[in-house]
Amino acid sequence: MAARKRIVKKRPQYRLPKAEQEMEELDLKKVKAKVLEELAENQKKANEWLDKELDKNLKNP
């Protein structure tokens, strides 16, 4: 009789160990914070540009 192959069961991706899950959450939080910061800076630059254009147009009728 042939020997049976042993099936190695892997953990599903959604059942990561707690330490790995926390590290992944921290990474995601860092990325989110960075993106929000960049978005706020881009919005600030856009507002500054609009203010300059408005001032320029008001001074030169």
Side-chain angles (χ1 to χ4, degrees):
M1 218 194 271
R4 296 174 71 180
K5 285 189 175 182
R6 185 171 207 197
I7 299 173
V8 179
K9 292 186 179 181
K10 295 181 181 178
R11 281 188 165 181
Q13 190 67 12
Y14 61 89
R15 288 192 171 189
L16 293 173
K18 193 162 192 135
E20 287 181 29
Q21 193 174 29
E22 289 174 357
M23 293 296 289
E24 187 175 335
E25 286 177 10
L26 286 175
D27 289 343
L28 291 174
K29 286 179 184 179
K30 287 179 185 176
V31 169
K32 181 180 177 183
K34 185 177 179 183
V35 167
L36 288 176
E37 185 178 308
E38 289 175 0
L39 182 63
E41 186 154 332
N42 288 343
Q43 189 67 30
K44 185 178 176 183
K45 287 180 183 178
N47 287 343
E48 288 175 2
W49 181 82
L50 288 174
D51 289 341
K52 288 179 184 176
E53 289 295 315
L54 183 61
D55 288 341
K56 194 181 343 176
N57 288 337
L58 288 175
K59 288 181 183 176
N60 299 324

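Positions are given from 1, in the same order as the sequence printed here.
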(message) Return the NZ to CG distance between Lys52 and Asp55, rounded to the nearest 0.5 Å.
(response)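 It comes to 10.0 Å.
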
(message) Once rounded to the nearest 0.5 Å, what's the spacing between atom CG of Asp27 and atom CD of Glu22?
(response)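 So the CG of Asp27 and the CD of Glu22 are separated by 12.0 Å.
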
(request) Kindly check if the number of other-residue, nucleotide or ligand heavy atoms within 6.0 Å of CD (Glu38) is above 12? (result)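 Result for CD/Glu38: enclosed.
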
(message) Holding to side chain to side chain donor-acceptor pair (under 3.5 Å), I want the full list of residues that pass it with Glu53, two or more places apart in sequence or in another chain.
(response)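 Expected list: Lys56.
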
